[in-house]
Amino acid sequence: MFGLMPAFSRMALFALAVLVMVAQISASAGAAAAAAAAEPLNKRQLQITLNGATPTADSGFGISLDNDDSNDSPTKTSSESKPSSSGSSNGQPGRIVMKTPPRSVESPLFEIASKVKLQWDYDDNMKKPPSKITIRGQMPEGYTQPGTTKPLYWYIAQNVSASGKAYTWDTITQSPPGYTLREGTGYKLFIIDSDIGWDNSTHVYPGRLFQFMLPFSMYNSRYAQTNDGVPKNYNPNAASRPKIARASVLVAAAIVFLL
């Protein structure tokens with residue numbers, strides 16, 4: 001039969017047979033691949049089911065296959081944990097704001113043997129102002145407590161009322177015992193809450209006074225001292241002018257006229 005068919009018909013039948021064989025081979029390979037892919041997926045689904053987890057659209061493959069009970073979601077801060085601004089402390093201590101001497105002067109000059117006026121206010125963090133304060137002075141570097149290397153402190157005022165937020169320091173009667181205030185820099189003045197005490201004055205107590213420190217210098221005024229050739233207490237503005245007698249003026253005028 002094939003011998004009676006034309007040559008092109010035999011070629012067409014051969015090509016058709018080849019296409020059928022290729023289709024069968026492709027179908028077999030696709031079925032094997034699908035079976036191989038289905039096996040690990042079924043195992044994964046089985047593992048997820050055994051662990052009691054169910055994948056969702058949001059989690060997908062983010063599910064922990066180990067089921068470790070860990071919670072990685074961020075914790076929201078409740079409004080109760082935030083400090084309130086309605087008159088309550090924000091965790092900061094109160095601080096002194098100097099008025100006299102003005103705080104714009106970082107290291108003021110205080111005159112030796114004078115009365116130094118101190119005046120202050122408090123910042124907005126002060127919720128419990130001190131009822132009593134203690135003021136201490138510190139001598140410059142080089143002055144130490146006897147027999148130690150500790151700085152030399154002295155009390156200017158101790159447990160005085162703080163209601164007026166002011167104090168006048170008498171540098172004569174309230175100087176360090178056994179020492180004399182001298183000209184120079186490096187002095188320090190401290191103001192603390194007496195109820196908190198010196199040792200705890202640098203600890204943070206919300207709404208209460210934190211230790212205040214003011215560096216200052218001392219100077220000796222020489223304005224009242226006697227200058228060479230000028231008597232003490234001389235006031236040039238109050239000096240009297242010498243009076244010239246009228247007769248002396250007339251005699252001098254006559255002499256000039258005769259000449």
Side-chain angles (χ1 to χ4, degrees), residues 93-126 128-146 148 150-202 205 208-239:
R95 297 183 184 274
I96 281 179
V97 179
M98 289 302 295
K99 298 175 66 176
T100 305
R103 60 179 178 175
S104 58
V105 181
E106 295 182 359
S107 182
L109 287 170
F110 295 151
E111 182 182 353
I112 296 175
S114 70
K115 293 184 178 181
V116 177
K117 294 182 179 180
L118 303 172
Q119 189 176 9
W120 62 87
D121 208 338
Y122 303 118
D123 65 6
D124 294 337
N125 293 321
M126 183 69 75
K128 187 179 179 181
S131 59
K132 296 178 296 182
I133 60 166
T134 294
I135 304 176
R136 296 187 77 179
Q138 179 182 337
M139 293 291 286
E141 186 177 356
Y143 289 86
T144 59
Q145 299 180 22
T148 71
K150 297 180 180 179
L152 179 61
Y153 297 97
W154 82 97
Y155 285 101
I156 296 174
Q158 196 169 9
N159 299 326
V160 297
S161 174
S163 59
K165 294 181 285 188
Y167 186 80
T168 300
W169 170 28
D170 190 333
T171 60
I172 296 178
T173 61
Q174 297 168 335
S175 59
Y179 294 86
T180 302
L181 297 176
R182 299 181 180 275
E183 289 182 307
T185 62
Y187 289 91
K188 294 178 182 178
L189 183 144
F190 301 88
I191 302 178
I192 66 171
D193 187 331
S194 296
D195 292 333
I196 293 177
W198 174 257
D199 292 338
N200 297 324
S201 60
T202 56
Y205 296 97
R208 302 192 65 177
L209 179 62
F210 189 82
Q211 181 190 98
F212 172 77
M213 190 275 289
L214 177 69
F216 66 94
S217 302
M218 299 294 293
Y219 75 97
N220 190 10
S221 175
R222 295 173 175 81
Y223 178 79
Q225 294 182 0
T226 302
N227 295 323
D228 293 340
V230 180
K232 190 175 183 178
N233 298 326
Y234 171 74
N235 185 355
N237 294 322

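Given the structure is predicted, the values throughout are model-derived calculations rather than measurements.
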Query raised in the report: Under the side-chain contact (heavy atoms from CB on, under 4.5 Å) criterion, do Leu209 and Ile192 qualify, and how do the steps go?
Result: CA-CA 7 Å; Leu209 179 62; Ile192 66 171; 5.5 Å; no
Distance-only donor-acceptor hits, side chain of residues 134-144, under 3.5 Å, sequence neighbours excluded:
residue : atom : partner : partner atom : Å
Thr134  : OG1  : Asn159  : N            : 3.3
Thr134  : OG1  : Ser194  : OG           : 2.8
Thr144  : OG1  : Thr148  : O            : 3.3

**Report entry** For Pro146, all residues meeting side chain to side chain contact (heavy atoms under 4.5 Å, CB included), sequence neighbours excluded
**Finding:** Tyr179
Report summary line: side chain to side chain contact (heavy atoms under 4.5 Å, CB included) filter on Ser161, not counting sequence neighbours, yields Ser163
Query raised in the report: Could you give the distance from CG (Asp199) to CD (Gln211), rounded to the nearest 0.5 Å?
Result: 10.5 Å
Requested in this report: Grab the two heavy atoms, one from Asp123 and one from Gly94, that are nearest each other, plus how far apart they are.
Outcome: OD1-CA, 3.7 Å
Query raised in the report: Quick one: ring pair (Phe, Tyr, Trp, His ring centres under 6.0 Å) partners of Tyr187, sequence neighbours excluded?
Result: Phe216
Query - Which residues share a ring pair (Phe, Tyr, Trp, His ring centres under 6.0 Å) with Trp154, sequence neighbours left out - result: none
Query raised in the report: Looking at CD1 of Ile112 and OG of Ser175, how far apart are the two atoms once the value is rounded to the nearest 0.5 Å?
Result: 10.5 Å
Report task. Report the residues that fulfil side chain to side chain contact (heavy atoms under 4.5 Å, CB included) with Ser131, sequence neighbours left out, ordered by chain and then residue number. Result -> Asp195
Requested in this report: Identify the heavy atoms of Ala162 and Ile133 that sit nearest to each other, and give their distance.
Outcome: CB-CG2, 3.5 Å
Query - Atom pair OG1 (Thr202) and CD1 (Ile196), whose distance is rounded to the nearest 0.5 Å - result: 10.0 Å
Query raised in the report: Within the distance-only criterion (no hydrogens, no angle test), does the side chain of Glu111 pair as donor or acceptor with the backbone N or O of Tyr219 below 3.5 angstrom?
Result: no
Report task. Hey, could you give me the CE/OG1 distance between Met218 and Thr185, rounded to the nearest 0.5 Å? Result -> 12.5 Å
Report task. Only counting residues at least two apart or in another chain, list the ones meeting salt bridge (Lys or Arg N to Asp or Glu O under 4.0 Å) with Asp121. Result -> Lys165
**Report entry** Test item: Ile191 and Tyr167 side chains (from C-beta on) under 4.5 Å apart, heavy atoms
**Finding:** no
Query raised in the report: side-chain contact (heavy atoms from CB on, under 4.5 Å) between Leu189 and Leu118: does it pass, once the steps are laid out?
Result: CA-CA 11 Å; Leu189 183 144; Leu118 303 172; 4.0 Å; yes
Contacts under 3.5 angstrom, residues 96-105 side chains, donor-acceptor by atom type, not counting sequence neighbours:
none

Report task. With the side chain counted from C-beta on, respond yes when Lys188 and Tyr153 share a heavy-atom pair under 4.5 Å apart, and no when they do not. Result -> no
Query - Spacing of Asp193 atom CG and Arg208 atom CZ [to the nearest 0.5 Å] - result: 5.0 Å
**Report entry** Under 3.5 Å donor-acceptor, Thr171 side chain and Lys115 backbone
**Finding:** no
Query raised in the report: Excluding sequence neighbours, so at least two apart, what forms salt bridge (Lys or Arg N to Asp or Glu O under 4.0 Å) with Glu183?
Result: Arg222
Query raised in the report: Considering only heavy atoms from C-beta outward, does the side chain of Pro108 approach that of Leu214 to under 4.5 Å?
Result: yes
Query - With Trp120 via side chain to side chain donor-acceptor pair (under 3.5 Å) - residues at least two apart - result: Tyr122
